[in-house]
Amino acid sequence: MKFGKKLILWYLENKRSMPWRETRDPYSIWLSEIILQQTRVAQGLPYYLSFKSAFPTVFDLAAAPEEKVLKLWQGLGYYSRARNLHATAKYVADELGGTFPDSYASLLLLKGVGDYTASAIASICYDEAVPVVDGNVYRVLSRYLGVATPINTTQGVKEFKQLAKALLEVKEPATYNQAIMEFGALQCKPQSPDCTQCVLDSDCVALKEKKVGELPVKLKKQKIKKRYFSYLIIQTNEETILQQRTGKGIWQGLYEFPLVETSAPISYEELKKASVFTELLGAQTYELSLYKEEAVIHKLSHQHLYTWFYVVQVQCLPLLSAPHQKVRLSDVERYPVPILIGNFIEAFF
DNA sequence: AAAGCGGGGCG
DNA sequence: CGCCCAGCTTT
């Protein structure tokens, strides 16, 4: 039997039940696809449910304040997805009357929608015969066909896209695309797949050549940078100071406490010399305590953040200018913050 | 073509 | 501790 037919039969028997598999509504499919980019189903599922609950339609999402969208997204990471999600919702609601684009080419023009997501929506919602190539598909195809071209190179992307297109079941792209991805997630797993229980075992090149553990090939990994953050929790009995991250870099749009970043760990004495420190505290007297002696280490894919939280108790806050803003202590938890900050807030407040 | 962007789960 | 996850955008 043909590759695609086998996958579809396997899928109909083994697929997991998921809320976005109960519909072909483009808004729901689009939402699920954005949430699931570089994200496991188990991690994304609760976010999908809360977004659907808070924003049942694209109009609800479009009408929401950006902060509310970021707050709901808090903890999911890759926050540009949330900002692009919101921008696209506004575009679809305001410019397209709430109707999503209905082809691969037109979907590709939406912010936050790349080749994979456009293909997924076009095939699942509109039966367009376009192949999806996500992490699962790379793995299944490289093993099944024994292709060792590195998947994170221009050549690899091009080659696997072509292979995916050649193997696509053009009569039922919606089912086939979901089948190959589900097969990659459940059967042809990254680590220790059970090839003795595989419906493709008779034709799998990697299995035949004992190369399952070597495929797919992925080039190097970037070096991890270390950064040193000293946060200032400057507070009275009622208020503290937050700032919003803008510009480039991590956590765009999220909030944090006033930050002193240095190229190496610093002492309290050195911290006191920071301009932000004098700007926010002036000459007034204060009580300062280090929340925790050891650095809190927060790991991102490509950065390790060594973090200290300095709590500064003061009588009153100075007049603040952007980006700093006064926030009532009881309101701190309303702001969208990175997990690093959220964990501190939870433990400290 | 390469870098940047989160957080969590698993062996 | 390294790898990977229903990738996209910017440089």
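Proteins come first, then strands; the chains are lettered A, B, ... in the order of their sequence lines, and each starts at number 1. Excluded from the calculations below are hydrogen atoms, water molecules and symmetry mates; all remaining heavy atoms, backbone and side chain alike, are included.
At dC5(C), none of the side-chain N or O atoms of Tyr138(A) fall inside 4.0 Å of OP1 or OP2 (strictly under the cut-off). A close approach under 4.0 Å does occur between a side-chain nitrogen or oxygen of Arg139(A) and OP1 or OP2 of dC5(C). A close approach under 4.0 Å does not occur between any side-chain nitrogen or oxygen of Gln38(A) and OP1 or OP2 of dC5(C). The phosphate of dG4(B) (OP1 or OP2) has no side-chain N or O of Trp251(A) nearer than 4.0 angstrom.
Residue Trp20(A) places its side chain closer to dA6(C) than to any other of dC4(C), dG6(B), dA6(C). Comparing dC3(C), dA6(C), dG6(B) by their closest approach to the side chain of Tyr78(A) singles out dG6(B). In the set dC8(C), dC3(C), dG7(B), the nucleotide with an atom closest to the side chain of Gln191(A) is dC3(C). Relative to the side chain of Ile250(A), the nucleotides dA6(C), dC5(B), dG7(B) differ in distance, and dC5(B) lies closest. Side-chain atoms of Lys299(A) lie closest to dC1(C) of the nucleotides dC1(C), dT9(C), dG6(B).
In this structure, a donor-acceptor pair under 3.5 Å is absent between the side chains of Gln37(A) and Arg81(A). Looking at Glu67(A) and Tyr255(A), their side chains do bring a donor and an acceptor atom within 3.5 Å of each other. Between the side chains of Gln74(A) and Lys71(A), at least one donor N or O sits under 3.5 Å from an acceptor N or O.
Atoms NZ (Lys248(A)) and C1' (dG4(B)) sit 11 Å apart, rounded to a whole Å. Atom NE2 in His302(A) sits about 12 Å away from atom P in dA3(B), given to the nearest Å. Residue Leu108(A) contributes atom CG, which lies 9 Å from atom P of dC8(C) at whole-angstrom precision. Counting to the nearest Å, the P atom of dG6(B) and the CG atom of Leu340(A) are 12 Å from each other. In this structure, NZ of Lys189(A) is placed 10 Å from C1' of dC10(B), rounded to the nearest angstrom. Atom pair Lys111(A):NZ and dT10(C):P shows a separation of 8 Å (rounding to whole Å applied). What separates CH2 of Trp73(A) from C1' of dC8(C) is a distance of 12 Å, to the nearest Å. Regarding Leu85(A), its CG atom lies at a distance of 14 Å from the C1' atom of dG7(C), rounded to whole Å.
Counting any heavy atom pair closer than 4.0 Å across all strands shown, Asn177(A) reaches no nucleic acid atom. Residue contacts shown for Gln303(A) are limited to sugar-phosphate atoms, with no base heavy atom under 4.0 Å away. Residue contacts shown for Gly184(A) are absent, as no nucleic acid heavy atom lies under 4.0 Å away. Nucleic acid contact for Ile34(A): none, since no nucleic acid atom lies under 4.0 Å from a heavy atom of the residue. Backbone-only engagement by Gly249(A) is indicated by non-hydrogen atom pairs under 4.0 Å involving sugar-phosphate atoms exclusively. Thr39(A) comes within 4.0 angstrom of a base, heavy atoms only. Within the 4.0 angstrom heavy-atom criterion, base atoms lie near Arg21(A). Within the nucleic acid shown, Val132(A) has no heavy atom closer than 4.0 Å to any nucleic acid atom. Thr153(A) comes within contact range of no nucleotide atom at all, as no heavy-atom separation falls under 4.0 Å. Counting any heavy atom pair closer than 4.0 Å across all strands shown, Lys225(A) reaches sugar-phosphate atoms only and no base atom.
A donor N or O paired with an acceptor N or O is not found under 3.5 Å between the base of dG7(C) and the side-chain atoms of Thr117(A). The base of dC4(C) sits with one of its N or O atoms less than 3.5 Å from a complementary donor or acceptor on the side chain of Arg40(A).
Of the charged side-chain nitrogens involved, none lies within less than 4.0 Å of a carboxylate oxygen, so that Arg83(A) and Glu66(A) do not count as a salt-bridged pair. Using a 4.0 Å cut-off between charged side-chain N and carboxylate O, Lys272(A) and Glu269(A) make a salt bridge.
Under the 6.0 Å cut-off for aromatic ring centres, Phe3(A) and Tyr144(A) qualify, their centroids lying closer than that.
Residue-to-nucleotide proximity on DNA chain C shows that, of Gln43(A) and Gly114(A), the 5′-proximal contact is made by Gln43(A). Residues Arg227(A) and Asn343(A) each lie close to DNA chain B; by heavy-atom proximity, the contact nearer the 5' end of the strand is made by Arg227(A). Nearest-nucleotide positions on DNA chain B place Gln155(A) closer to the 5' end than the other of Gln155(A) and Ser192(A).
By the 30° and 60° cut-offs, the orientation of the rings of Phe309(A) relative to Tyr231(A) is parallel. Classification of the Phe51(A)-Trp73(A) ring pair by plane angle, with boundaries at 30° and 60°, yields perpendicular.
For the P atoms, the distance from dA6(C) to dG11(B) is 15 Å, rounded to whole Å. Taking atom P in both dG6(B) and dT10(C), the straight-line distance is 14 Å, to the nearest Å.
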